[in-house]
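Working notes, structure below.
Worth knowing before you read on, the calculation uses all heavy atoms, side chains too, and leaves out hydrogens, waters and symmetry mates.
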Amino acid sequence: MGDFQTTLGIGIKLFGVDGPKLIDDPEDTTFDLILQNFEVFFLDTAADMCAFTKAGVIGKNYDKYLDAHPETRALLDAMAKPVGSV
């Protein structure tokens, strides 16, 4: 029940996928799928994710971060609903 009011997702890595990639590495034949049960991710950048995680995991308090980032709080509030499937 701990995940009832949060986002759920799954990551899938495919191997042997040819074609152009964002990072131009001709030896890279992988493709990553990141799926979530909400239409947008609640943070915009890796730096935002690090700051958010630091606030909660190290600081043990997300409120200060969320007070400074109301758009993130609004997205998290919107995610806090039951969804039948990822």
Side-chain angles (χ1 to χ4, degrees):
M1 277 297 209
D3 287 336
F4 182 68
Q5 291 185 324
T6 188
T7 184
L8 298 173
I10 185 169
I12 302 170
K13 181 174 275 298
L14 302 175
F15 296 90
V17 178
D18 293 326
K21 308 288 190 302
L22 289 175
I23 298 173
D24 190 22
D25 180 357
E27 295 186 26
D28 182 12
T29 60
T30 65
F31 187 84
D32 298 318
L33 296 168
I34 301 172
L35 308 169
Q36 180 181 320
N37 67 345
F38 199 74
E39 54 273 1
V40 297
F41 194 65
F42 69 101
L43 296 165
D44 292 329
T45 68
D48 293 339
M49 187 65 188
C50 289
F52 179 79
T53 301
K54 182 178 179 183
V57 174
I58 295 172
K60 306 284 189 228
N61 187 342
Y62 290 107
D63 288 332
K64 185 175 179 181
Y65 181 91
L66 293 172
D67 288 345
H69 299 87
E71 66 285 349
T72 300
R73 183 184 296 275
L75 281 170
L76 289 172
D77 289 345
M79 290 177 168
K81 62 181 180 167
V83 178
S85 175
V86 174

Look up atom CE in Met79 and atom CZ in Phe41, then write down how far apart they are to the nearest 0.5 Å.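 So the CE of Met79 and the CZ of Phe41 are separated by 7.0 Å.
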Just verifying a value: how many Å separate Leu76 CG and Phe38 CZ, rounded to the nearest 0.5 Å?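 Result: 9.0 Å between the selected atoms.
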So which atom in [X] and which in [Y] form the shortest heavy-atom distance, rounded to 0.1 Å?
{"X": "Leu43", "Y": "Tyr65", "answer": "CD2-OH, 3.6 Å"}
{"X": "Arg73", "Y": "Asp63", "answer": "NH2-O, 3.7 Å"}
{"X": "Phe52", "Y": "Tyr62", "answer": "O-CE2, 3.2 Å"}

Phe15-Leu33 co-clustered via ILVMFWY side chain contacts under 4.5 Å: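 Shared cluster, no.
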Applying side chain to side chain contact (heavy atoms under 4.5 Å, CB included) to Ile12 and Phe31, what does each step give before you reach the verdict? CA-CA 8 Å; Ile12 302 170; Phe31 187 84; over 6 Å; no
Is the count of non-hydrogen atoms from other residues, nucleotides or ligands lying under 6.0 Å from Leu14 atom CG greater than 12?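 For Leu14, atom CG is crowded (more than 12 foreign heavy atoms under 6.0 Å).
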For Lys13, I'd like to know if atom NZ has over 12 heavy atoms of other residues, nucleotides or ligands within 6.0 Å.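 Yes, the 6.0 Å shell around NZ holds more than 12 heavy atoms from other groups.
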Donor-acceptor pair, Glu71 side chain versus Leu75 backbone, under 3.5 Å?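 Not a single qualifying donor-acceptor pair exists.
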Can you list every side-chain hydrogen bond (donor to acceptor under 3.5 Å, both in side chains) pair that touches residues 39-58, not counting sequence neighbours?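 Sorted pair list: Thr45-Asp48.
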